[in-house]
Amino acid sequence: MQPLQLETIDVLTGTAIIFAVSMFAGGIGNYLGIRLVSDQHPSFVHAIVSSLLSAAVWGIVSLALNLYDVGITPFAGALVALLIWIVVLYLRYSGGIVTAVPAALLAWVISIVVLYLIAIYTELPFEAIGIPAI
C-alpha cells in the first residue's frame with residue numbers, strides 16, 4: 001500500500017474544509033431563517049443537523065437521479081434541492097409548510113451571503129455542499 005501523496009492530502013483537507021464551511025453556512029441560514037419567520041428559538045446545533053440532513057438527502061436524490069439518468073437540467077436539480085431543503089425544515093421544525101417555505105428561501109439567501117463573505121475574506125472558493133445552486 002502506497003503512502004498518501006501530498007496532492008491527496010490537499011484534496012482531503014480541501015474537501016473537509018468545504019464541507020465544514022458548507023455546514024456552517026447552511027446552519028446559519030437555517031438558524032436565522034427559522035428565527036426570522038417564526039417565534040421558534042432553535043439551537044445552532046439543531047440548525048447544523050438540519051443542514052447536514054438536507055445535504056445527505058440531496059446527495060441520495062442526486063445519486064438516484066444520476067443512476068437512472070433522468071436527464072435533469074441544472075436548474076431543475078437546484079429546484080429539487082431547494083424542495084428537499086423545504087421538506088427537511090418542514091419535518092424538523094413546527095409551524096408547517098407556511099413556516100418551512102419562507103424559512104427555506106430565507107435560509108438559502110442567508111447561506112449564499114455567508115458563503116460570499118467567506119469567499120471574499122478568505123481564499124476559499126464560493127462553493128458549498130448541500131446548498132441549492134451553489
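In what follows, residues are counted from 1 in the order of the sequence shown.
When side chains are defined from C-beta on, Phe19 counts as touching Leu52, because their heavy atoms get closer than 4.5 Å. Between Pro102 and Leu106 there is no side-chain heavy-atom pair separated by less than 4.5 Å.
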Do Phe24 and Phe44 pass the side-chain contact (heavy atoms from CB on, under 4.5 Å) test, and can you show the C-alpha distance, the side-chain angles, and the key distance before you say yes or no?
CA-CA 10 Å; Phe24 177 73; Phe44 188 66; 4.1 Å; yes
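Taking Ile60 as the reference, nothing meets the side chain to side chain contact (heavy atoms under 4.5 Å, CB included) condition, with sequence neighbours excluded. Qualifying side chain to side chain contact (heavy atoms under 4.5 Å, CB included) partners for Val101, counting only residues two or more places apart in sequence or in other chains: Ile86, Ile97, Leu105. Every residue two or more places apart in sequence or in another chain that forms a side chain to side chain contact (heavy atoms under 4.5 Å, CB included) with Val57 is listed here: Val61, Ile84. For Tyr93, the ring pair (Phe, Tyr, Trp, His ring centres under 6.0 Å) criterion is met by His46, not counting sequence neighbours.
Atom CZ of Arg92 and atom CD1 of Ile34 lie 10.5 Å apart (nearest 0.5 Å). Atom OG of residue Ser50 and atom CE of residue Met23 lie 11.0 Å apart, to the nearest 0.5 angstrom. Atom OG of Ser22 and atom CD1 of Ile48 lie 11.5 Å apart (nearest 0.5 Å).
Shown are Val88, Val87, Leu89, Leu91; of these, the side chain to side chain contact (heavy atoms under 4.5 Å, CB included) with Leu53 is made only by Val88.
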For a quick test of your reading: what N or O donor-acceptor pairs under 3.5 Å do the side chains of residues 25-32 make, sequence neighbours left out?
from: Asn30; atom 1: OD1; to: Trp85; atom 2: NE1; distance (Å): 2.6
from: Asn30; atom 1: ND2; to: Gly26; atom 2: O; distance (Å): 3.4
from: Asn30; atom 1: ND2; to: Ala47; atom 2: O; distance (Å): 3.3
from: Tyr31; atom 1: OH; to: Arg35; atom 2: NH1; distance (Å): 2.7

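The two atoms that bring Thr99 and Ser38 nearest to each other are CG2-CB, 3.9 Å, heavy atoms only.
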